[in-house]
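Just below is one structure, and these are the notes that go with it.
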Amino acid sequence: MKILVKDADIFNGKEFIGNGLIAIEDGTIIHCGSGSLPDLWKPDEIIDGNRLLALPGLINCHTHAGMTFTRGYADDRPLMIWLNDYIWPLEARLTADDIYWGTMLGISEMLASGTTTFADMYFMMHRAAEAVKESGIRAVLSTGMIGLGSGVNEKLAQSVDFAVNWRGEADGRISTMLAPHAPYTCPPPFMKKVLDKAEKHQLPLHIHLAETRNEIEEIEKNYGKTPIEWANDLGVFNHPTLAAHCVHLSSEDMHILKEKGVGVAYNPQSNMKLASGTAPVAELSRLGVKVGFGTDGPGSNNSLDMFFEMKAGALLQKLAVNRAEVLPANEVLAMATSTGADILGLKDVGMLKKGMKADLILVDMDKPHFTPTFDPIAHMVYSGKGSDVSFTIVNGKILYEKGVFRTIDVEEVKQEVHIRAKRLIKG
Ligand SMILES: [Zn+2]
């Protein structure tokens, strides 16, 4: 399959190119920028890029897509009450089919708002993987593991089986990680077993760390250290690690993250909604820690729109440190694209250049809120929204075009989720 995007403005992840060409063949970008293509190269499909801006697809570094069932359910409550009294009881009733439909709804929302890759941590992930495979999106999947109670070893074995069996599937669009949920749900003996498996199977780790003040107090009380020190002392960071949140950090914690090359998923809207706090991203960025954006699950956001996340995340940092110049738009857009790919361990997405996988979006710039267009990059961060996305292309396939999904029957997906959500809430 050959696709040509012509006459589009391009932000390739580094620089802006006016009126360029993007040629895609068999899932890969074979040309991006100005210049021309060989006469013999004939595309199967041509996209007129006039008044469109091409960008690398957005990368959501931390979510729980199956939590679409909890969107709008039990809002405006503190984290532990929200989890203990509402979310965990509902999640205990989820079936494998629910996971499939809930994830497919999340994928629909992501594709329609310009996300081409997401990092997911949830349950019964083989069904989430099927939704990824069928829809055409790219994903880094992991089974969230709680290391307390009975059946812990079986759950770890299942999680490892999933990670080993599904990595590289769906034409290479699926990669996998191991996901111990958090320090307060995974005691050290369990963590040691997880790390042994990570070592044996060469799997990266995905974990929630330092999300709330409660967590800081609990880990300090039980272990006499911060969550980051706890993870570092256990050897977690000797493996490639994706650490979600990192809201409450000491300066020593930040140096550990930098020294160990830990990737941080910044989830500003979830952190604001649950009143968890403000991650010190401006300082992390100054130190050279790699930070990408995550939406967290649709229960605590309640949207999977990465445009909202970029804007909220940039504004929150400016307010937190009282300096308008921190986290400028180009840096924010890089966090949501190339840095996001980097911290997920994906080498061939996040930039638009020859040889990279063709994961890109085309944003409709012909809108009142993008006029005038002094700085299209700033527009993406401060004026844009998911609904401005006209085309979403993953692995060289057009998955979404102007409100139409090419791989998903979105009416069926919405109907399934409506019916299943009613059952889940009744108990
Ligand atoms: Zn999370």
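Position 1 is the first residue of the sequence; numbering continues from there. Worth saying up front: this structure is predicted, and the values here are computed from it rather than measured. Indexing begins at 1, ligand by ligand and atom by atom, following the structure's order.
In terms of the side chain to side chain contact (heavy atoms under 4.5 Å, CB included) criterion, Lys354 has no residue partners (sequence neighbours excluded).
Checked for salt-bridge contact, Lys133 and Glu130 miss the test: no charged N lies under 4.0 Å from a carboxylate O. Under the 4.0 Å criterion applied to side-chain N and carboxylate O atoms, Asp98 and Arg93 are not assigned as salt-bridge partners.
For the Zn ion (ligand 1), protein N, O or S atoms closer than 2.8 Å were enumerated as His62 NE2, His64 NE2, His208 NE2, Asp296 OD1, with waters left out.
For the residue pair Val321 and Ala282, the shortest heavy atom distance occurs at CG1-CB, 4.3 Å. Nearest heavy-atom pair, Met310 versus Ala336, reported as atom, atom and distance to 0.1 Å: SD-CB, 3.6 Å.
Thr241 contributes a side-chain N or O that, together with a main-chain N or O of Val236, makes up a donor-acceptor pair within less than 3.5 Å.
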